[in-house]
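In this text the structure is predicted, and so the values were computed from the model without any measurement. Hydrogens, waters and symmetry mates are skipped; everything else that's a heavy atom, side chains included, is used. Sequential numbering from 1 along the given sequence is applied to the chain's residues.
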Amino acid sequence: MKKYEIVLQNKKAKIYSTISWLIIALNLLIFLYLGIAKLAEQVRYPLLGASLLALISIFYFIVRNKKNNENSPFIMSFIIIVLTWIMMGFYLPAAINLLLFFFQDITRRNLEIVIAGEKITYPSFPKRTILWNELSNLILKDGLLTIDFKNNKIIQQLIEKTEHPVNEKEFNDFCNKQLQSAAST
């Protein structure tokens with residue numbers, strides 16, 4: 001059975017990246033303060049954590065135009081942050097930063113909607129399964145995906161431009177056939 005995988009635009013990804021960098025910078029400054037003021041039992045842990053975070057940040061900003069993987073500096077940075085807090089014996093900040101990392105990871109994920117013959121998988125959190133009999137229409141027009149529910153709810157989102165764009169006429173014909181099939185059962 002035919003299926004379409006369409007990537008939706010995540011317009012807020014840049015904002016989420018900025019927030020993540022601010023969290024990393026805040027932790028770096030706290031580690032420096034704890035190390036310089038000698039407020040931690042082992043001064044080397046916060047200074048080591050701050051040094052590693054600074055190195056990762058500098059390295060990322062130097063080579064970021066050459067790589068597409070935007071998540072790698074966040075993964076390494078949050079691992080260092082959590083481990084540094086644990087090594088210093090501060091478990092609550094470690095847990096909070098771990099939670100912030102999971103939220104950051106969820107918000108920056110690839111928003112891919114899968115439209116198949118039996119169902120539609122929408123990339124909400126958690127993923128939502130939409131059955132064809134719940135819809136009155138599903139259409140792709142000029143890069144805008146519209147999902148129209150029978151209960152008058154509507155979802156409209158722009159799709160990412162990809163190397164192999166979806167043929168809109170073929171996609172819309174497929175969706176119309178699925179909607180007609182669901183209506184007849």
Q) Cluster question for you: counting only ILVMFWY and a side-chain heavy-atom cut-off of under 4.5 Å, with indirect links fine, are Y91 and I81 together? A) yes
In the structure I gave you, are the side-chain heavy atoms of L138 and F171 within less than 4.5 Å of one another anywhere? yes
(message) One pair to check against ring pair (Phe, Tyr, Trp, His ring centres under 6.0 Å): W85 and Y45. What are the steps and the verdict?
(response) CA-CA 8 Å; W85 283 115; Y45 294 135; over 10 Å; no
- prompt: Any donor and acceptor pair, going by atom type alone, linking the side chain of S51 with main-chain N or O of L47 inside 3.5 Å?
  reply: yes
| task | Show the numbers, then the answer: is there a side-chain contact (heavy atoms from CB on, under 4.5 Å) between F125 and T107? | result | CA-CA 9 Å; F125 183 76; T107 57; over 6 Å; no
Scanning both residues in full, the closest heavy-atom pair of S20 with Q104 reads OG-CG, 2.7 Å
message: If you define the side chain from C-beta out and look only at heavy atoms, does anything of Y4 sit under 4.5 Å from C175?
response: no
So NZ of K161 and CD of Q9: to nearest 0.5 Å the spacing works out to 7.0 Å
Closest non-hydrogen contact found for N167 with K169 is OD1-N, 3.1 Å
- Test item: E168 side-chain N/O and D142 main-chain N/O as donor-acceptor pair under 3.5 Å: yes
Practice task
Any chance you could lay out the side-chain contact (heavy atoms from CB on, under 4.5 Å) test for F103 and L99, step after step, and finish with the verdict?
Solution key: CA-CA 6 Å; F103 287 145; L99 188 63; 3.7 Å; yes
Interatomic distance, CD@E134 vs CD1@I120, rounded to 0.5 Å, equals 8.5 Å
Go through N172 and E170 one step at a time and tell me if the side-chain contact (heavy atoms from CB on, under 4.5 Å) criterion holds.
-> CA-CA 6 Å; N172 291 331; E170 184 181 304; over 6 Å; no
Between F74 and Y60, how do the two ring planes meet: parallel, tilted or perpendicular, split at 30° and 60°? tilted
Shortest non-hydrogen pair, Q178 vs G117, comes out as OE1-O, 2.9 Å
Can you find a heavy atom in the side chain of F102 that is under 4.5 Å from one in the side chain of L98? yes
Quiz item: Going only through I, L, V, M, F, W and Y residues with side-chain contacts under 4.5 Å, is there a path from L144 to L111?
Solution: no
Between F31 and L53, is there a side-chain heavy-atom distance shorter than 4.5 Å? yes
- Message: Please check this pair: side chain of N151 against backbone of K153, looking for a donor-acceptor N/O pair closer than 3.5 Å.
- Response: yes
- Message: Has D105 got a side-chain atom pairing as donor or acceptor with F101's backbone, closer than 3.5 angstrom?
- Response: no
Rounded to the nearest 0.5 angstrom, the NZ-CG distance for K150 and N133 is 6.0 Å
task = For the residue pair I147 and Y122, establish whether any side-chain heavy-atom pair is separated by less than 4.5 Å.
result = yes
**Request:** For E160 and N110, run side-chain contact (heavy atoms from CB on, under 4.5 Å): C-alpha distance rounded to whole Å, both residues' side-chain angles, the deciding distance at 0.1 Å, then the answer.
**Result:** CA-CA 10 Å; E160 283 288 336; N110 205 11; over 6 Å; no
*Taking the side chain as every heavy atom from C-beta outward, state whether I6 and V114 have any atom pair closer than 4.5 Å.*
no
One should read off an interatomic distance between K119 NZ and R128 CZ, to the nearest 0.5 angstrom, of 13.5 Å
One should read off an interatomic distance between L55 CG and S77 OG, to the nearest 0.5 angstrom, of 10.5 Å
>> Assigning hydrophobic clusters by single linkage (Ile, Leu, Val, Met, Phe, Trp, Tyr; side-chain heavy-atom cutoff under 4.5 Å), is F90 placed with Y33?
In response: yes
- Is L92 linked to L100 within one hydrophobic cluster, defined over Ile, Leu, Val, Met, Phe, Trp and Tyr using a side-chain heavy-atom separation of less than 4.5 Å? yes
Using the rule that Ile, Leu, Val, Met, Phe, Trp and Tyr join whenever any side-chain heavy atoms are under 4.5 Å apart, tell me whether I75 and L26 fall into a single cluster. yes
Rounded to the nearest 0.5 angstrom, the CD-OG1 distance for Q157 and T146 is 10.0 Å
### Query
Does the side chain of T84 reach to within under 4.5 Å of the side chain of N27, using non-hydrogen atoms?
no
Shortest non-hydrogen pair, I86 vs A94, comes out as CG1-CB, 3.7 Å
Heavy-atom nearest pair, P73 first then I56, reads O-CG2, 4.0 Å
message: Can you classify the ring geometry of F174 versus W132 as parallel (below 30°), tilted (30 to 60°) or perpendicular (above 60°)?
response: perpendicular
Heavy atoms of Y16 and N10 approach each other most closely as CE1-OD1, 4.4 Å
Only residue of L8, I113, V166 satisfying side-chain contact (heavy atoms from CB on, under 4.5 Å) with I159 is L8
